Amino acid sequence: MELHSQILNNLPVFEVSETMDKVIGFFDQTTCSHVAITDNNVFLGVLPENDLACFEADKSINDFRHNFEHFFATNETSWLDVLEIFARNEANIMPVLDADKRFLGYYDLTDIVGVFIATPFFTEPGGILVIEKGAKDYSMSEIGQIVESNNAKVLGAFITESQNDVVQVTLKISSTSLNEVSQTFRRYNYNILFGNSDDQFLEDLKQRSAYLDKYLNV
């Protein structure tokens with residue numbers, strides 16, 4: 001999935017030789033979590049808004065190199081990896097670099113989440129099934145075979161939890177009738193944590209979708 005069209009060029013990037021008053025002004029006027037710092041357009045790192053209280057307006061950005069954080073995406077990074085980088089760094093904005101670490105622009109978290117919810121996992125009709133099994137005992141190929149043996153297709157699969165040697169997988173399946181699929185998973189010693197075979201799930205999903213839309217429009 002291409003993300004090139006999501007790169008933003010309407011947010012500033014600051015040269016390391018500039019003064020901190022510009023960075024402070026940027027954070028005062030936006031809700032961005034970070035801002036990129038470069039040296040002749042070569043990426044050095046990002047300054048976090050969380051450190052705003054310790055910034056001194058009359059000093060050079062270079063004086064605050066010890067505050068730099070160093071996460072970024074390249075123009076080849078997959079959208080799932082981009083989401084992971086956002087989550088790992090608790091950021092809502094991320095620098096995008098080329099192969100030479102030259103600054104290209106930013107990814108905005110809201111835009112990338114929008115790409116995510118436009119995938120078939122969310123848009124195609126089907127059912128949600130949450131299963132779990134020992135980390136050494138499950139396999140994605142087996143999961144796919146179980147689903148397809150019941151005349152259905154896997155539209156998406158995510159490992160949504162992994163702890164104590166147990167893996168939890170959330171599946172989107174091209175069928176809203178999940179009884180037979182669930183029974184087959186049980187025969188293969190998978191534990192069924194959730195299945196959306198009732199109307200209440202659909203109502204909950206609508207409510208969650210409405211909440212997500214509201215969040216994205218804030």
Side-chain angles (χ1 to χ4, degrees), residues 1-16 22-23 26-27 29-51 61 67-126 128 130 140-141 143-144 153-162 167-174 205 208-218:
M1 185 180 300
E2 296 289 339
L3 293 182
H4 296 172
S5 63
Q6 305 298 327
I7 296 176
L8 302 177
N9 298 112
N10 60 346
L11 292 173
V13 55
F14 298 109
E15 283 285 303
V16 69
K22 294 182 179 180
V23 174
F26 170 75
F27 283 132
Q29 296 171 19
T30 71
T31 58
C32 292
S33 60
H34 298 80
V35 68
I37 307 300
T38 58
D39 185 3
N40 292 320
N41 204 42
V42 176
F43 178 74
L44 297 180
V46 293
L47 280 171
E49 190 273 340
N50 285 343
D51 290 347
I61 293 174
N67 294 89
F68 287 2
E69 297 177 6
H70 299 282
F71 66 88
F72 60 88
T74 73
N75 53 353
E76 301 297 329
T77 305
S78 72
W79 65 273
L80 274 174
D81 288 334
V82 169
L83 281 174
E84 180 185 351
I85 297 168
F86 269 121
R88 191 167 61 241
N89 293 281
E90 299 182 356
N92 62 20
I93 205 81
M94 184 190 307
V96 185
L97 313 180
D98 66 13
D100 297 318
K101 290 195 173 181
R102 293 192 175 277
F103 180 80
L104 298 177
Y106 292 97
Y107 285 143
D108 181 274
L109 176 60
T110 299
D111 294 337
I112 303 303
V113 170
V115 171
F116 178 54
I117 64 175
T119 63
F121 190 91
F122 284 92
T123 61
E124 292 295 317
I128 298 291
V130 182
M140 285 297 183
S141 60
I143 289 170
K153 297 289 184 181
V154 177
L155 298 175
F158 295 91
I159 296 175
T160 44
E161 190 169 323
S162 180
V167 169
Q168 181 183 113
V169 182
T170 298
L171 302 170
K172 177 72 175 285
I173 298 172
S174 63
L205 183 60
R208 292 171 188 172
S209 297
Y211 176 81
L212 182 58
D213 287 339
K214 182 178 178 181
Y215 168 77
L216 293 175
N217 288 321
V218 169

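Residues take their numbers from the sequence shown, with the count starting at 1. Predicted, not measured: the structure shown is a model, and the values here were computed from it.
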Legend entry - side chain to side chain donor-acceptor pair (under 3.5 Å) partners for E161, two or more places apart: Q163
Legend entry - Closest contact, heavy atoms only, L109 versus F86: N-CZ, 3.5 Å
Legend entry - Partner residues of D81 under the side chain to side chain donor-acceptor pair (under 3.5 Å) criterion, sequence neighbours left out: S78
Inset, instruction - Let me see the working for T123 and I117 under side chain to side chain contact (heavy atoms under 4.5 Å, CB included), right down to the final yes or no. - result: CA-CA 7 Å; T123 61; I117 64 175; over 6 Å; no
Legend entry - Residue list, side chain to side chain donor-acceptor pair (under 3.5 Å) with T160, at least two apart or on another chain: Q168, T170
Inset, instruction - Compare every heavy atom of V167 with every heavy atom of V169, then report the nearest pair and how far apart it is. - result: CG2-CG1, 3.8 Å
Under 3.5 Å, which donor-acceptor pairs do the side chains of residues 35-48 form with other protein atoms, sequence neighbours left out?
residue: T38; atom: OG1; partner: E15; partner atom: OE2; Å: 2.7

Legend entry - With Y106 via ring-ring contact (aromatic ring centres under 6.0 Å, His included) - residues at least two apart: F103
Inset, instruction - Kindly indicate whether the side chain of T119, heavy atoms from C-beta on, has any atom under 4.5 Å from the side chain of W79. - result: yes
Inset, instruction - Quick one: list whatever passes salt bridge (charged side-chain N to carboxylate O under 4.0 Å, His left out) with K22, sequence neighbours left out. - result: E18
Inset, instruction - Return the set of residues passing ring-ring contact (aromatic ring centres under 6.0 Å, His included) with F71 (not counting sequence neighbours), or none when no residue passes. - result: H34
Legend entry - Donor-acceptor contact present, side-chain D98 to main-chain D100, <3.5 Å: yes
Legend entry - Nearest non-hydrogen partners of A73 and V82, listed with the distance: CB-CG2, 4.1 Å
Legend entry - F122 side, atom CZ; L155 side, atom CG - distance, nearest 0.5 Å: 12.5 Å
Inset, instruction - Give the minimum heavy-atom separation between H4 and N75, together with the two atoms involved. - result: NE2-O, 2.8 Å
Inset, instruction - Calculate, to the nearest 0.5 Å, the distance between atoms CG and CG belonging to D108 and L8 respectively. - result: 6.0 Å
Only distances under 3.5 Å count here; give the side-chain donor-acceptor pairs of residues 88-96 to other protein atoms, sequence neighbours excluded, each with its distance to 0.1 Å.
residue: R88; atom: NH1; partner: E84; partner atom: OE2; Å: 3.0
residue: N89; atom: ND2; partner: I85; partner atom: O; Å: 2.9
residue: N92; atom: OD1; partner: S33; partner atom: N; Å: 2.9
residue: N92; atom: OD1; partner: S33; partner atom: OG; Å: 3.2
residue: N92; atom: ND2; partner: T31; partner atom: O; Å: 2.9

Legend entry - F27 side chain reached by N50 side chain, heavy atoms, under 4.5 Å: no
Legend entry - Ring centroid separation F158 to F116 under 6.0 Å: yes
